[in-house]
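Read the structure below first, then the notes.
As a basis for the values below, the full set of heavy atoms in this structure was taken, side chains included, without hydrogen atoms, waters or symmetry mates. Protein chains get the first letters and strands the later ones, always in sequence-line order, with residue 1 at the start of each.
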There are 2 protein chains.
Amino acid sequence: MKPHPASISDIAKALGVAPSTVSRALRDHPDISPATRNRVKEFAARVNYRPNALALGLKHQRSMTIGIVIPELVHFFFSSVLSGIEEVAYSKGYRVMICQSADDLKREALNVQALLDHQVDGMLISISKSTVEYGHLFRIVDREIPVVFFDRVCDEIDSDRVLTDDFEAARAITSHLLQGSRKRILHLAAPQHLAIGRERYHGYLRALQDHEADTADELVIHCDTPDKVRELREHILNLAPSIDGVFAVNDITAITAMHLLQDAGYAVPEQIGIAGFGDDPISGMIRPGLTTVEQKGYDMGKSAVTMLLERLELPEKEVPSRLEVFPATLKIRDSSRKP
Amino acid sequence: MKPHPASISDIAKALGVAPSTVSRALRDHPDISPATRNRVKEFAARVNYRPNALALGLKHQRSMTIGIVIPELVHFFFSSVLSGIEEVAYSKGYRVMICQSADDLKREALNVQALLDHQVDGMLISISKSTVEYGHLFRIVDREIPVVFFDRVCDEIDSDRVLTDDFEAARAITSHLLQGSRKRILHLAAPQHLAIGRERYHGYLRALQDHEADTADELVIHCDTPDKVRELREHILNLAPSIDGVFAVNDITAITAMHLLQDAGYAVPEQIGIAGFGDDPISGMIRPGLTTVEQKGYDMGKSAVTMLLERLELPEKEVPSRLEVFPATLKIRDSSRKP
DNA sequence: TTGAAAGCGCTAACAC
DNA sequence: GTGTTAGCGCTTTCAA
């Protein structure tokens with residue numbers, strides 16, 4: 001049988017005092033005499049006493065745990081956000097429970113429910129690509145559990161958000177692609193029901209308008225993963241002769257497209273300039289380096305938990321929803337050099 | 001104030017029955033009459049009843065939560081292991097608590113303690129680079145909490161492990177580098193107090209011996225991160241004229257070294273062949289592609305949780321510690337083509 | 001300064 | 001077939 005870790009009442013029995021006395025002694029309650037306090041503390045240290053977080057959570061209605069739901073752990077952006085979250089959360093005594101939705105609405109809903117069941121004190125969420133229905137998210141606010149959305153936010157819910165200035169970033173990087181003689185930029189876009197998809201598309205569009213470039217619809221295709229690039233291979237190669245630039249909604253898609261075009265004989269950046277989004281470390285390591293938008297995942301993560309923890313620390317205060325927008329910084333590399 | 005979610009006793013009161021009846025009805029206890037069972041279930045569904053995982057955990061001494069401690073979330077290998085873990089754990093009704101040690105012994109120890117405090121049912125651990133003292137790990141086995149170590153295992157503790165066949169992988173890839181006329185291979189090694197460091201070094205050494213290549217000590221340097229490569233820049237460049245191959249303990253280090261050498265005018269693979277370890281996605285995307293060893297992180301993760309869950313499901317059974325070794329598969333790419 | 005008792009939400013042994 | 005009670009580990013009134 002398991003060596004039961006010492007509980008408060010074990011200590012109380014051993015010392016011939018009441019559990020409440022032990023409890024008070026351990027948390028330095030002023031009423032307790034120094035003598036008993038020391039006696040309790042010493043004994044507790046000797047038997048390696050540790051408070052049971054489950055019991056504490058049940059008692060205080062506060063689990064000191066925050067729930068996180070993201071699409072995919074293995075993407076650099078998300079793992080760096082997570083890293084930032086974990087860093088801050090731990091330093092403040094919170095633990096994190098992490099779930100992946102795998103970009104699936106049903107799993108996202110199950111994850112949210114599981115986290116609610118575990119009585120998380122708050123949640124940090126980046127919604128899945130297939131999240132077109134928000135019942136599970138409303139359930140969180142119904143229970144008045146604070147949520148902060150990051151990157152892939154849910155516009156239908158009034159809550160704190162942390163995001164990148166997607167519109168401006170997309171506008172700036174498309175504008176940069178158009179600096180030379182380029183006129184026809186292919187946009188590999190994210191689903192338009194996601195705010196990031198819309199914002200980046202509209203930023204792209206604005207840049208085209210500003211430069212009086214070609215805004216043909218055929219230049220925008222829904223394609224946001226390497227797999228999609230391979231699937232749309234023929235389609236992209238058919239367009240290739242008529243384009244001189246590509247702006248993809250993320251880096252790995254941009255790189256996959258770049259390789260596709262290079263393998264088909266196009267010179268990058270001479271014939272076609274390429275730009276991505278996110279500044280995945282890979283982008284600085286390939287040759288030519290991929291021009292992209294820096295997205296400070298780690299800092300966004302820290303910022304998102306910080307917002308959340310503030311709400312947790314002062315639950316009464318009716319603070320209106322806050323929006324934090326991280327400015328976009330272009331990372332210009334060789335893939336977009338002027339033609 | 002918060003809208004308190006319905007509890008079993010709330011339901012009991014509303015329906016005029018005892019809490020135990022509600023509890024039994026909800027879990028389909030045979031004693032309960034179909035009539036009351038339905039009445040309870042319907043009402044529970046209507047008020048959106050959900051069991052409180054904290055209370056359950058406290059009651060059953062079983063939190064349905066597993067703790068994970070890894071060095072760094074943002075490394076592809078670890079995030080893919082995690083992804084595999086999460087996948088299986090969730091499907092079996094377990095949640096995961098994740099901590100990063102940041103390769104720091106003290107943080108690792110704090111993390112382990114925090115997870116114990118949270119009454120995790122088991123742990124999955126990959127130890128930090130600076131873990132040279134194991135008190136915190138022994139505390140886990142003292143409490144008879146099952147642990148599975150993966151990749152960076154702790155030899156001093158008798159427990160389940162999941163790892164790559166590091167020795168054989170290192171031997172094979174070094175041997176591959178030596179196929180042509182290569183004779184002097186630089187090894188960028190991990191710390192030797194880590195089993196993976198030792199195994200990969202010894203595999204490298206064995207290959208050198210098999211091929212009667214140069215086994216000079218100066219050809220082995222402790223260098224396992226891009227930062228270390230930059231720090232040891234001069235040292236590596238001094239060695240460069242005399243070497244014709246590099247085997248690094250991980251891919252990003254290999255790539256950083258490759259770029260360093262290329263920038264200094266060395267041709268890869270013509271003058272110097274390069275190989276890494278881990279098959280980070282980046283390795284297939286750079287040109288020349290990096291020759292490396294496939295490390296099935298996702299599968300290792302699944303395998304590790306599966307072992308752990310087996311122990312959790314049959315705690316009495318005295319199963320001896322198991323060791324699962326994933327075979328090494330070489331990924332030969334252009335960075336190591338025969339000279 | 002300390003103790004006794006109740007309760008957080010849930011279940012299980014024991015009544016009836 | 002259902003209710004009563006105790007208890008998981010902890011804190012917190014209230015009483016002494």
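- Applying the side chain to side chain donor-acceptor pair (under 3.5 Å) rule to A:K302 yields no partners; only residues at least two apart in sequence or on another chain are considered.
- In this structure B:K59 satisfies the side chain to side chain donor-acceptor pair (under 3.5 Å) test with no other residue, sequence neighbours excluded.
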For each nucleotide in nucleotides 6-16 of chain C, reading 5' to 3', give B when a protein heavy atom comes within less than 4.0 Å of its base, S when such contact involves only the sugar-phosphate, and - otherwise.
-BBBBBBB---
Could you go through residues 110-119 of chain B and list every donor-acceptor pair under 3.5 Å that involves a side-chain atom there, pairing it with any protein atom two or more places apart or in another chain?
{"from": "B:N111", "atom 1": "ND2", "to": "B:Q100", "atom 2": "O", "distance (Å)": "2.9"}
{"from": "B:N111", "atom 1": "ND2", "to": "B:R107", "atom 2": "O", "distance (Å)": "3.1"}
{"from": "B:D117", "atom 1": "OD1", "to": "A:R50", "atom 2": "NH1", "distance (Å)": "3.4"}
{"from": "B:D117", "atom 1": "OD2", "to": "A:R50", "atom 2": "NH1", "distance (Å)": "2.5"}

Please table the atom pairs, donor to acceptor, closer than 3.5 Å between any side-chain atom in residues 65-82 of chain A and protein atoms at least two apart or in another chain.
{"from": "A:T65", "atom 1": "OG1", "to": "A:S63", "atom 2": "O", "distance (Å)": "3.1"}
{"from": "A:S79", "atom 1": "OG", "to": "A:H75", "atom 2": "O", "distance (Å)": "3.4"}
{"from": "A:S79", "atom 1": "OG", "to": "A:F76", "atom 2": "O", "distance (Å)": "3.2"}
{"from": "A:S80", "atom 1": "OG", "to": "A:F76", "atom 2": "O", "distance (Å)": "3.0"}
{"from": "A:S80", "atom 1": "OG", "to": "A:F77", "atom 2": "O", "distance (Å)": "2.9"}

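- For A:K106, there are no side chain to side chain donor-acceptor pair (under 3.5 Å) partners, not counting sequence neighbours.
- For residues 28-37 of chain A, the pairs satisfying salt bridge (Lys or Arg N to Asp or Glu O under 4.0 Å) are A:D28-A:K41, with sequence neighbours left out.
- Nucleotides of DNA chain D that come within less than 4.0 Å of any heavy atom of chain A span, from the 5' end to the 3' end, D:dG9 to D:dT13.
- Pairs engaging residues 6-26 of chain A under the salt bridge (Lys or Arg N to Asp or Glu O under 4.0 Å) rule: none recorded [sequence neighbours left out].
- Here the side chain of B:S130 pairs a donor or acceptor atom with the backbone of B:D103 at under 3.5 angstrom.
- An angle of 50°, rounded to 10°, separates the two end axes of the helix from C:dT1-D:dA16 to C:dC16-D:dG1, each defined over five pairs.
- With sequence neighbours left out, B:D155 forms a salt bridge (Lys or Arg N to Asp or Glu O under 4.0 Å) with B:R161, B:R198.
- Residues satisfying the side-chain contact (heavy atoms from CB on, under 4.5 Å) test with B:R39, not counting sequence neighbours, are B:L15, B:V17.
- Proximity of A:T21 to the phosphate of C:dT1: no side-chain N or O atom is located under 4.0 Å from OP1 or OP2.
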